[in-house]
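Some notes on the structure that comes next.
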Amino acid sequence: MKRQEVIDYIDEEFGVCPEQLWASFPNYLVFRNAKNKKWFGIMMDIESEKLGLGGSGKKDILVIKSDPILIGSLIHNKGYLPAYHMSKKNWVTVLLDGSAPDEQVKDLIHLSYEIIEKAKR
């Protein structure tokens with residue numbers, strides 16, 4: 001999935017519009033559960049080098065909450081990295097360059113939303 005596809009999918013599935021919280025980072029978007037206001041995703045554009053990918057330029061990523069056991073297997077697949085700037089135990093990074101299968105990304109977004117939905121405020 002690409003950046004806009006994820007934004008549209010989250011809006012359609014959960015009625016959640018992204019929030020831009022930092023004026024100095026206009027491409028950083030946060031997705032919150034409407035009920036408990038907890039984040040279930042953050043979208044960013046990060047330098048490839050900072051992600052450990054080498055090369056130059058920025059990559060669009062989505063960092064989402066997930067099951068620690070699932071994260072351990074995901075990060076060994078194309079399109080997934082350890083969480084960027086979040087707990088690597090509970091969050092995973094998805095590259096938004098089409099390398100991760102769309103249906104799997106959608107399932108992971110749902111899982112992230114469900115985990116946050118169950119979280120106590």
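The first residue in the sequence is number 1, and the count goes up from there. What's counted below: heavy atoms across the whole structure, side chains too, no hydrogens, waters or symmetry copies. These numbers come from a predicted model, not from an experiment.
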Same cluster or not: [X] versus [Y], using hydrophobic residues (I, L, V, M, F, W, Y) connected whenever any side-chain heavy atoms lie under 4.5 Å apart?
X: L95; Y: Y84; answer: yes
X: M86; Y: L62; answer: no
X: V16; Y: W39; answer: no
X: Y28; Y: V6; answer: no
X: L81; Y: L108; answer: no

Spatial distance of atom [atom1] ([X]) from atom [atom2] ([Y]) [nearest 0.5 Å]:
X: K38; Y: I115; atom1: NZ; atom2: CD1; value: 12.5 Å
X: M44; Y: L51; atom1: CE; atom2: CG; value: 8.5 Å
X: S66; Y: E114; atom1: OG; atom2: CD; value: 11.0 Å
X: S99; Y: M1; atom1: OG; atom2: CE; value: 13.0 Å
X: E12; Y: E5; atom1: CD; atom2: CD; value: 10.5 Å
X: I71; Y: K65; atom1: CD1; atom2: NZ; value: 9.0 Å

Please examine the side chains of [Y] and [X], heavy atoms only from C-beta on, and report whether any two atoms are closer than 4.5 Å.
X: D60; Y: M43; value: no
X: I64; Y: I42; value: no
X: R3; Y: L29; value: yes
X: F31; Y: I7; value: yes

Worksheet item: Could you walk me through whether E103 and K106 pass the salt bridge (charged side-chain N to carboxylate O under 4.0 Å, His left out) check?
Response: CA-CA 5 Å; E103 289 307 312; K106 290 176 183 179; 3.5 Å; yes
Worksheet item: Closest heavy-atom contact between S56 and S48?
Response: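 Between these two residues, the closest heavy atoms are O-OG, 3.9 Å.
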Item to complete: Scan residues 91-113 for pairs that pass ring-ring contact (aromatic ring centres under 6.0 Å, His included), counting only residues two or more places apart or in two chains.
Response: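 Of all non-adjacent pairs touching residues 91-113, those that pass ring-ring contact (aromatic ring centres under 6.0 Å, His included) are Y9-H110, F14-H110, F14-Y113, F40-Y113.
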Worksheet item: Can you name the one residue among V63, T93, I61 that meets side-chain contact (heavy atoms from CB on, under 4.5 Å) with I46?
Response: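 Single pass found, and it is I61.
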Discussion item. Could you list the cluster mates of I69? Members are the ILVMFWY residues connected by side-chain heavy atoms closer than 4.5 Å, either directly or through other members.
Written reply: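 None; I69 is a cluster of one.
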Fill in: CA sep, side-chain torsions, deciding dist, call: Y80, V94, side-chain contact (heavy atoms from CB on, under 4.5 Å)
CA-CA 5 Å; Y80 299 98; V94 180; 3.8 Å; yes
Worksheet entry | Residue pairs, two or more places apart or on separate chains, that pass salt bridge (charged side-chain N to carboxylate O under 4.0 Å, His left out) and touch residues 85-97 |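 Listed once each, the pairs would be none.
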Mark yes or no for whether [X], through its side chain, and [Y], through its backbone, hold a donor-acceptor pair below 3.5 Å.
X: Q20; Y: P26; answer: yes
X: D45; Y: N27; answer: no
X: R32; Y: E19; answer: no

Worksheet item: Is atom CD of E49 surrounded by more than 12 heavy atoms (other residues, nucleotides or ligands) closer than 6.0 Å?
Response: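 Not more than 12 within 6.0 Å, no.
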Worksheet entry | I109 vs E13, side-chain contact (heavy atoms from CB on, under 4.5 Å): CA-CA, chis, key distance, verdict | CA-CA 10 Å; I109 291 169; E13 288 294 307; over 6 Å; no
